[in-house]
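Heads up, the thing below is written out as structure tokens.
A quick note: this is a predicted structure, and the numbers were derived from the prediction, not measured.
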Amino acid sequence: MTPLMKIQPFIQAYVQAIASVLESDVTVVDRELIRVAGTGDYSEEVGTAVPHSNFFRQVMESGEYGIIENIADNIHCAHCEKRAYCRELANLAYPIFQDDVVVGVISVIAFQEKQREIMVKKTEKMTEFLKYMSVLLESKLYTEQAKNRLEEQLKVVQTSAKGNWSFVGTSKGMQDALRMGQKVAKSDSTVFLQGESGTGKEIMAKMIHDLSDRRDKLMISVNCAAIPETLVESELFGYEEGAFTGAKKKGAMGKFELADKSTIFLDEIGDMPLSVQTKILRVLQEKQVERIGGTKPIPIDIRVISATHKDLEKMVEEGTFREDLYYRLNIIPILLPPLRERKEDILPLLEYYMAYYNQKMRKQLKGFSHQAKQALLRYEWPGNVRELRNIVEYLANMAEGDMVQLSDLPDRMVLRTAKDFSGFSLEQIMGEYEKKVLSGMVKPNTSLEEKNAVAKSLQISRATLYRKLKKYGLE
């Protein structure tokens with residue numbers, strides 16, 4: 001739903017008020033050229049596509065007002081599907097903005113010759129009037145946006161109160177990390193989370209924030225690796241109006257300002273450019289931030305949690321990470337162990353996410369076969385818990401029966417673990433893989449001709465194919 005359509009009742013009342021002042025009909029169209037509101041005949045067309053889209057599209061693309069003084073002679077109306085019975089004589093339109101982007105058009109229509117003459121004669125004054133009406137709509141959109149942000153923040157607070165952090169497992173390494181996180185949550189000390197990708201660093205940061213005295217405000221998360229180097233400073237520190245080409249009017253707050261009285265989570269801090277590291281150090285030391293192009297510092301009260309999968313000590317030795325910033329961040333270090341080092345947590349995690357996806361996707365998976373469990377336990381899990389969760393979602397979609405079999409697992413998992421299948425015969429291993437291949441080629445609705453084609457492509461007889469399908473329950 002477009003921003004304008006979200007406040008459609010307000011806009012409908014708005015255009016009716018404008019129409020009574022101008023004594024002409026008014027309509028509003030969104031970015032998708034759908035009529036959001038209208039008066040007169042157009043009040044019956046709300047929610048439908050406008051026929052004279054070329055004119056409105058031109059106004060949106062130019063960002064400037066447009067006028068059709070005589071619709072009968074205008075090129076934009078030449079191919080309109082309603083041209084033969086259109087009653088419009090003239091049309092004056094002005095763009096509606098949100099964050100400097102055109103999101104729609106507000107338009108005044110003349111249906112009578114007298115209205116058309118007034119529009120042409122007083123174009124400048126009517127355009128100025130529409131400009132102010134557009135600004136008021138922009139203000140309403142901004143208010144609605146702020147309201148939605150507040151609602152999202154309240155949802156986060158409500159979720160936080162429930163302590164929903166999705167930590168599963170009883171391994172010593174994870175329990176030690178959890179105890180440490182819970183212990184330091186109430187303080188404002190800087191926390192440094194170390195661990196491979198997918199070990200749950202962001203979940204740990206959220207847990208610490210949710211248990212802190214700052215939990216009533218939204219934690220601000222920044223993925224340092226995902227921000228282009230040219231935009232890092234403006235994203236973190238904000239900027240003043242006119243600070244650089246393309247800067248928004250009135251400037252913009254940075255992430256540090258947004259995190260005032262709350263927590264800022266700097267994920268993948270090891271990817272931060274050296275030039276920006278200096279400024280971050282200054283923010284941490286002085287508890288104030290200065291926007292790009294600004295002249296006065298802005299005091300902030302923040303709690304910093306940072307995380308990385310990189311070896312920052314080695315980066316300090318190599319000169320790619322500031323030593324003073326490293327020691328400023330590494331006050332409370334917490335290590336989250338990789339999944340391959342806490343094998344006892346794999347089965348509880350598998351069961352947890354199976355129950356989760358059963359509920360979410362309305363599935364009825366009951367568990368894992370012995371062979372599937374052994375393969376999952378032997379797998380090294382380079383993507384850690386994130387990879388395990390993704391695998392369970394894959395299985396919830398792809399598993400043929402109510403028990404996950406070895407043949408249901410992705411090929412890469414079967415092949416990586418096949419070398420360590422102690423306790424399984426080669427015939428059992430190959431049989432599971434053969435079943436996986438056949439289940440992918442022969443579906444329940446596969447025709448006789450298609451089965452013959454499969455047998456031919458596998459270079460086996462039709463009888464052999466049918467025997468194997470029966471063996472694996474794939475008839």
Whether [X] side chain and [Y] backbone form a donor-acceptor pair below 3.5 Å:
{"X": "Q98", "Y": "V103", "answer": "no"}
{"X": "K201", "Y": "E196", "answer": "yes"}
{"X": "R303", "Y": "S187", "answer": "yes"}
{"X": "S306", "Y": "L266", "answer": "no"}
{"X": "S262", "Y": "A259", "answer": "no"}
{"X": "N384", "Y": "R386", "answer": "no"}
{"X": "Q277", "Y": "M272", "answer": "yes"}
{"X": "D408", "Y": "Q405", "answer": "yes"}
{"X": "R389", "Y": "L349", "answer": "no"}
{"X": "S221", "Y": "F265", "answer": "no"}

Could you check whether atom [atom1] of [X] has more than 12 heavy atoms from other residues, nucleotides or ligands sitting under 6.0 Å from it?
{"X": "M398", "atom1": "CE", "value": "no"}
{"X": "Q364", "atom1": "CD", "value": "no"}
{"X": "E313", "atom1": "CD", "value": "no"}
{"X": "E229", "atom1": "CD", "value": "no"}
{"X": "K186", "atom1": "NZ", "value": "yes"}
{"X": "K183", "atom1": "NZ", "value": "no"}

If you define the side chain from C-beta out and look only at heavy atoms, does anything of [X] sit under 4.5 Å from [Y]?
{"X": "N330", "Y": "T190", "answer": "no"}
{"X": "R340", "Y": "W381", "answer": "no"}
{"X": "H209", "Y": "K206", "answer": "no"}
{"X": "I18", "Y": "F129", "answer": "yes"}
{"X": "F10", "Y": "L137", "answer": "yes"}
{"X": "V15", "Y": "Y42", "answer": "no"}
{"X": "F55", "Y": "V105", "answer": "no"}
{"X": "V385", "Y": "Y353", "answer": "yes"}

Shortest non-hydrogen contact from [X] toward [Y]:
{"X": "P299", "Y": "Q288", "answer": "CA-CB, 3.9 Å"}
{"X": "A399", "Y": "L365", "answer": "CB-CD2, 4.0 Å"}
{"X": "V276", "Y": "L236", "answer": "CG1-CD1, 3.9 Å"}
{"X": "V404", "Y": "A372", "answer": "O-CB, 3.5 Å"}
{"X": "S134", "Y": "I96", "answer": "OG-CA, 3.4 Å"}
{"X": "L335", "Y": "A177", "answer": "O-CB, 3.7 Å"}

Filter on ring pair (Phe, Tyr, Trp, His ring centres under 6.0 Å), then keep only pairs touching residues 293-324, sequence neighbours left out; what's left?
none

Residue pairs passing the ring pair (Phe, Tyr, Trp, His ring centres under 6.0 Å) test with at least one member in residues 213-237, sequence neighbours excluded, are F237-F256

With a 4.0 Å cut-off, would you call [X] and [Y] a salt bridge?
{"X": "K6", "Y": "E144", "answer": "no"}
{"X": "D324", "Y": "R328", "answer": "no"}
{"X": "R214", "Y": "D301", "answer": "yes"}

Candidate pair M5 and E32, rule side-chain contact (heavy atoms from CB on, under 4.5 Å), full reasoning
CA-CA 10 Å; M5 198 59 81; E32 296 177 2; over 6 Å; no

Parallel, tilted or perpendicular for Y356 and Y352, by the 30°/60° rule?
parallel

Angle class for the Y94/Y65 ring planes (parallel below 30°, perpendicular above 60°, tilted otherwise)?
parallel

Under a plain distance cut-off of 3.5 Å, with no hydrogens placed, do R35 and T27 share a side-chain donor-acceptor pair?
yes

Between D345 and S171, is any side-chain donor less than 3.5 angstrom from a side-chain acceptor?
yes

